[in-house]
Number of protein chains: 2
Amino acid sequence: MNIGEASRASGVSAKMIRHYESIGLVPPADRRDSGYRDYGTADLHRLGFIRHARDLGFSLDRIRVLLGLWSDPARSNAEVKAIARAHVKELEQRARQLNEMANALRSLADACDGDGRPDCPIIASLETGANVPPCHPGASPGAMPPPAPRRKAVAGR
Amino acid sequence: MNIGEASRASGVSAKMIRHYESIGLVPPADRRDSGYRDYGTADLHRLGFIRHARDLGFSLDRIRVLLGLWSDPARSNAEVKAIARAHVKELEQRARQLNEMANALRSLADACDGDGRPDCPIIASLETGANVPPCHPGASPGAMPPPAPRRKAVAGR
DNA sequence: CCTGCACCTTCCCATCATAGGAAGGTCAAC
DNA sequence: GTTGACCTTCCTATGATGGGAAGGTGCAGG
């Protein structure tokens, strides 16, 4: 199976499959005489695992850990559960922050007449910072990937 | 006022102030003979506006539009309101996606004994994709910036 | 006057996951 | 044998931010 077929079968773009190989998330694919990559069902399985983990918002780094646990016959489900729980917390916190922003902005928008005049409480709040959430720091950059829209023209699914 | 003082006063890092200048979000700062940038209260005001807009999750591109409306004496608050409402929708959708992922993962974790054995429904679902949300596409990349943690060592606030 | 330190300048690189495209080779069907 | 769909590698971009190097400036203390 070449990379295009593997892409359609796994739902991971060919571009990403090559990338995952380059960062060692998947082992180097077998090559045909032509140089074309050749995939088997085990490879598809692994790619599917990765995609599902991405669908749950895991970063590639965490997926690396999960893949390790997956292939470890002596793994402890406690370890997996701990990672999952930690990730749930992070997802919830990110959602909370977004909702905070949405709520703040919604109430500003609600307070705006929108009647065509220049007066605007939204602009006024941006000037002064009143009713704008502090958007507390912490959660350093790179701590969590954005929702990962992915899957655009990959089709299949 | 030099860039460090402006940073502390506005809550925007010096690095970002220079960046905003380089992309034209703020006009080129005055320079002293030494080459140092020199900021006045109008500049601080603009930087504060930008920071508040970032706190509400606006992208720099949208902030550019908001700044234009801000300085337009004949602006229509309807226009501002429309931008705000659209942004609220986007924030809500992103929050919804994150919550979907969190809910899915939480129920998987709840189904995991965590008793130290290898059996693990979380791993099993990653393998098969069962109970993993499709994470619907759309909302192309770059459509919205991550929560923008910002403000780490900028102090002030 | 010199030293030291805190600050400034520009420029380049890294993050994270993903996409786009160019230049060139391969395969299969017609 | 040509055409068109596919593959290869390599480079670049995204968005907002941070890190750091190499070198200049400003001010205070000795």
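Throughout, a chain's letter reflects where its sequence line sits, starting with A, and its residues are numbered from 1.
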Starting at atom [atom1] of [X], determine the distance to atom [atom2] of [N], rounded to an integer number of angstrom.
{"X": "A/F58", "N": "C/dC16", "atom1": "CZ", "atom2": "C1'", "answer": "17 Å"}
{"X": "B/R18", "N": "D/dG20", "atom1": "CZ", "atom2": "P", "answer": "15 Å"}
{"X": "B/E90", "N": "D/dG15", "atom1": "CD", "atom2": "P", "answer": "14 Å"}
{"X": "B/H19", "N": "C/dT9", "atom1": "NE2", "atom2": "P", "answer": "16 Å"}
{"X": "B/D61", "N": "D/dT17", "atom1": "CG", "atom2": "C1'", "answer": "16 Å"}
{"X": "A/L60", "N": "C/dA14", "atom1": "CG", "atom2": "C1'", "answer": "16 Å"}
{"X": "A/M16", "N": "C/dG20", "atom1": "CE", "atom2": "P", "answer": "10 Å"}
{"X": "A/E21", "N": "D/dC7", "atom1": "CD", "atom2": "C1'", "answer": "13 Å"}

If you compare every side-chain N and O of [X] against the phosphate oxygens of [N] (OP1, OP2), does one of them come in below 4.0 Å?
{"X": "B/R54", "N": "D/dT17", "answer": "yes"}
{"X": "A/S13", "N": "C/dA19", "answer": "yes"}
{"X": "B/Y20", "N": "D/dT17", "answer": "yes"}
{"X": "B/N2", "N": "C/dC7", "answer": "no"}

Taking distance alone, no hydrogens or angles, what donor-acceptor pairs closer than 3.5 Å link side-chain atoms of residues 33-42 of chain B to residues at least two apart or in another chain?
residue, atom, partner, partner atom, Å
B/S34, OG, B/Y36, N, 3.3
B/R37, NE, B/E21, OE1, 3.0
B/D38, OD1, B/M1, N, 2.8

Exercise. Go through the structure and list residues passing salt bridge (Lys or Arg N to Asp or Glu O under 4.0 Å) with A/D61, not counting sequence neighbours.
Key: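 A/D61: salt bridge (Lys or Arg N to Asp or Glu O under 4.0 Å) contacts with A/R64.
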
Practice problem: Please list, chain by chain and in numerical order, all residues satisfying salt bridge (Lys or Arg N to Asp or Glu O under 4.0 Å) with A/R75, sequence neighbours excluded. | Solution: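 Listed in chain order: nothing, the list is empty.
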
Self-check item: Inter- and intrachain pairs under side-chain hydrogen bond (donor to acceptor under 3.5 Å, both in side chains), touching residues 115-124 of chain B, at least two apart
Solution: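 Every pair satisfying side-chain hydrogen bond (donor to acceptor under 3.5 Å, both in side chains) with a residue in residues 115-124 of chain B: A/N77-B/D115, B/D113-B/R117, B/D115-B/R117.
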
Practice problem: Between D/dC7, C/dC8, D/dA16, spot the one nearest the side chain of B/I3, thanks. | Solution: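 Between D/dC7, C/dC8, D/dA16, the one nearest the side chain of B/I3 would be C/dC8.
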
What does the list of N/O pairs under 3.5 Å between the protein and nucleotides 10-13 of chain D look like, with a distance for each?
none

Exercise. Can you establish whether the number of heavy atoms outside A/E92 located under 6.0 Å from its atom CD is more than 12?
Key: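 It does: A/E92 CD has more than 12 such atoms within range.
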
Exercise. Please work out whether the ring planes of B/H45 and B/W70 are parallel, tilted or perpendicular, with thresholds of 30° and 60°.
Key: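 Ring orientation, 0 to 90° scale: perpendicular.
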
Quiz item: How long is the span from the CD atom in A/E127 to the CD1 atom in A/I123, to the nearest 0.5 Å?
Solution: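 It is 7.5 Å, given to the nearest 0.5 Å.
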
Self-check item: Stepwise side-chain contact (heavy atoms from CB on, under 4.5 Å) test for A/R106 and A/D110
Solution: CA-CA 6 Å; A/R106 197 182 316 105; A/D110 285 346; 4.1 Å; yes

Exercise. Scan residues 31-48 of chain B against DNA chain D and write down, sorted by residue number, each residue with any heavy atom closer than 4.0 Å; if none is found, say none.
Key: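 Only B/S34, B/Y36 qualify.
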
Quiz item: Side chains of A/N99 and A/R96: is there a donor and an acceptor less than 3.5 Å apart?
Solution: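 Result is no, nothing qualifies.
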
